[in-house]
Number of protein chains: 2
Amino acid sequence: MATTEPRWLDDGQQKTWRAYLAASQLLSDHIDRQLQRDAGMPHTYYALLVWLSESPERRMRMTDLAERSKITRSRLSHAVARLEQNGWVRREDCPTDRRGQMAVLTDEGFAALVAAAPGHVEAVRGALFDRLTQEQVRQLGEIMRIVAEGLAPRGGADLPWRR
Amino acid sequence: MATTEPRWLDDGQQKTWRAYLAASQLLSDHIDRQLQRDAGMPHTYYALLVWLSESPERRMRMTDLAERSKITRSRLSHAVARLEQNGWVRREDCPTDRRGQMAVLTDEGFAALVAAAPGHVEAVRGALFDRLTQEQVRQLGEIMRIVAEGLAPRGGADLPWRR
DNA sequence: TACGACTGCTTGAACATTCAACGACGAATG
DNA sequence: CATTCGTCGTTGAATGTTCAAGCAGTCGTA
C-alpha cells in the first residue's frame, strides 16, 4: 500500500528554489513596471514586438509567434487585439492558408519599440547583468537552456515514450 | 546633445536573457498548471500557505507575508480574500496594532497544503532539479540570491541616495 | 494634546491571463 | 468526393493582477 514517500527537496535545492522564486518574481515585476511606466506596455507585449521586428518583413504567423514567445495562442490573440488598438500591430490574412493570420509590426509599433528599447536594456542590465560575472552569465544561460528544453512541448520532454 | 548610445547586451548576455525568459515562462506555466489542476490554486497562493505553515502558530501579519512573498499588499489582500472563501485561511485582528490583520492558516488550509505538496515537489523536481547537476544547483542559487538582493526594496538598491 | 506625516490594509476599476468551447479551413483516408 | 480528424485562431466568462485612492490607526514632534 502506501504510495511511497515523495522525494522532498534537500536543503540546497530548497534554498535555491526559494531564491529562484524570489528573484524571478522581483525581476519580472521590476521589468514590467519599468516598461509599463516608460512605454505603456507589459513585458510580454514588448517581447512580441521584438520578435516581429526581427522577423522577415516584420511579420509572423500567429501560431509561430505564440510558440516563440512561449505563450498560448489564446493569450496571443488577446495581446494582439490590444496591440492592434494601439496601432502597433496589424493583422493580415495569410496568403497560403485561409485559416491563418499574420501579425504585422507597423511603423508606429517599430517606433514604439525603438523608443522603449534603451530604457528596457538599462533595466535588464541594472537588475541582472551588471551584478553577475561573465562566468555566471554563462552558467545561467546554460542552466536556463536546459530547463527550457526540458519543458518545450516539442522535445518530447518527459518520458519513456508517448503512445 | 545626443543622449549617449545605450550599452546594448553583448551576444552572450542576449542569449542568456532569452533563455531565461523562455525558461521562466515555461516553468511558471508548468508549475501553475500542475497546482491548478491538482490543488485548485495557482502557485502564488500555494506559496502563501507554505509561508504560513512555517510560521509560529501558522499566522503572519499581512505586511510581513507580503514582504516574504515578494508580492504587493494589494495583491495579498485579494489573494487572502480568495483563500478565505476556500476556508484555507482566516483573518484575525492583530492584538498589538489595531490597524493590523493576521492571516491564519486553518486546519483545512494545512490539509490542502499537505495534499498538494507531493505533486508539487515532483513537478519542481522533474522540471528543474532532476535536470541539473549539484554544481548547477549551487550556481543557480548563488545567482538568484544576488539578483534578489539587488532588487529588494530594503537593500537601497539603486542609487546615490534617496531623499 | 494637537498636528502632520506615515503605516497597514482594503477597495474597485482597468487590465491581463486562463480555460473550455467554437467555427472555419486543411489534410488524410476511403 | 465525403468523412473524419487535426490545426488555426478567436471568443467570452471566470480568475488573477495592477494601480490609484482611501480610511483608520500610529508615530514623531512641538
Side-chain angles (χ1 to χ4, degrees), chain A residues 25-26 28-48 59-86 89-104 153-154 163, chain B residues 25-26 28-48 59-86 89-104 153 162-163:
Chain A
Q25 178 73 67
L26 288 167
S28 82
D29 280 11
H30 181 68
I31 299 295
D32 262 342
R33 237 185 280 286
Q34 185 274 325
L35 276 172
Q36 191 70 59
R37 178 165 46 74
D38 298 349
M41 61 187 139
H43 179 255
T44 310
Y45 293 22
Y46 176 88
L48 294 176
R59 70 185 53 221
M60 214 177 302
R61 282 290 293 270
M62 293 295 280
T63 294
D64 296 345
L65 185 48
E67 197 159 319
R68 276 214 204 247
S69 310
K70 315 299 181 196
I71 65 178
T72 61
R73 288 198 291 290
S74 168
R75 188 174 170 183
L76 178 61
S77 227
H78 289 295
V80 167
R82 211 274 239 164
L83 290 171
E84 210 167 13
Q85 286 193 331
N86 283 273
V89 167
R90 160 172 39 93
R91 278 182 230 246
E92 283 182 17
D93 293 343
C94 175
T96 65
D97 184 337
R98 248 175 311 184
R99 291 167 304 178
Q101 289 282 106
M102 312 285 301
V104 186
R154 260 278 122 286
R163 177 71 19 91
Chain B
Q25 178 74 65
L26 288 167
S28 82
D29 280 12
H30 181 69
I31 299 296
D32 262 342
R33 237 185 279 285
Q34 184 275 324
L35 276 172
Q36 191 70 59
R37 178 165 46 74
D38 298 349
M41 61 186 140
H43 179 255
T44 310
Y45 292 22
Y46 177 87
L48 295 175
R59 69 184 53 222
M60 214 178 301
R61 282 290 295 269
M62 293 293 281
T63 294
D64 296 345
L65 184 49
E67 197 159 320
R68 277 214 202 246
S69 309
K70 314 296 180 198
I71 64 177
T72 61
R73 289 196 292 292
S74 168
R75 188 172 169 184
L76 178 61
S77 229
H78 288 296
V80 167
R82 211 275 239 161
L83 290 171
E84 209 169 12
Q85 286 192 331
N86 285 272
V89 166
R90 162 171 37 93
R91 278 183 228 246
E92 284 182 18
D93 292 343
C94 175
T96 65
D97 184 336
R98 250 176 308 184
R99 292 167 304 179
Q101 290 281 103
M102 311 286 301
V104 185
R162 36 179 164 185
R163 174 74 19 95

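Letters go in sequence order (proteins before strands), and every chain restarts at 1.
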Rounded to whole Å, how long is the line connecting atom CG of B:L76 with atom P of C:dT10? 7 Å
Over how many whole Å does the gap from B:M60 atom CE to C:dG8 atom C1' extend? 16 Å
Test item: B:S77 and B:R73 side chains (from C-beta on) under 4.5 Å apart, heavy atoms: no
Whole angstroms only, please: what is the CG-C1' distance between B:L48 and C:dC9? 15 Å
Any B:R91 side-chain nitrogen or oxygen under 4.0 Å from OP1 or OP2 of C:dC9: no
OP1 or OP2 of D:dT7 under 4.0 Å from side-chain N/O of A:R73: no
Of the listed nucleotides D:dG12, C:dT11, C:dC25, the one nearest the side chain of A:H78: D:dG12
Quick check: on DNA chain D, is the nucleotide nearest A:C94 upstream (toward 5') of the one nearest A:Q25, or the reverse? Name the residue that is more 5'. A:C94
Would you call A:P42 and A:R82 a side-chain contact if the rule is heavy atoms closer than 4.5 Å? yes
Under 4.0 Å between a side-chain N/O of B:R33 and OP1 or OP2 of C:dT18, yes or no? no
Side-chain atoms of B:T63 come closest, of D:dT10, C:dC9, D:dT18, to C:dC9
Within the 4.5 Å heavy-atom criterion, are B:T44 and B:R75 side-chain neighbours or not? yes
Roughly how many Å is it from CG in B:N86 to P in D:dA14, rounded to a whole number? 17 Å
Any non-hydrogen side-chain atom of A:V80 less than 4.5 Å from a side-chain atom of A:Q101? no
For B:D97, which contact category applies under a 4.0 Å heavy-atom criterion: base, sugar-phosphate, or nothing? sugar-phosphate
Whichever of A:A81 and A:D29 has its nearest DNA chain D nucleotide further upstream toward 5': A:A81
Think B:R99 has a side-chain N or O under 4.0 angstrom from the OP1 or OP2 of C:dC9? no
Hey, is the side chain of A:R82 poking within less than 4.0 Å of OP1 or OP2 on C:dC15, counting only N and O atoms? no
Nearest heavy-atom approach of B:D32 to B:H43 is OD1-N, 2.7 Å
Looking only at side-chain N and O atoms, does B:R61 come under 4.0 Å of OP1 or OP2 in C:dC9? yes
More than 12 foreign heavy atoms under 6.0 Å from CZ of A:R91: is that the case here? yes
What nucleotide, of D:dG12, C:dT11, D:dT18, holds the atom closest to the side chain of B:S77? C:dT11
Close side-chain approach of A:L76 and A:L48, heavy atoms under 4.5 Å: yes
Using a 4.0 Å cut-off on heavy atoms, which residues in residues 36-47 of chain A reach DNA chain C? List them by number, or say none. A:P42, A:T44, A:Y45
Which sits closer to the 5' end of DNA chain C, A:T72 or B:D64, going by the nucleotide each is nearest to? B:D64
In whole angstrom, give the distance that lies between atom CD1 of A:I71 and atom P of C:dC19. 14 Å
Distance, rounded to the nearest Å, where A:I31 contributes CD1 and D:dT18 contributes P: 14 Å
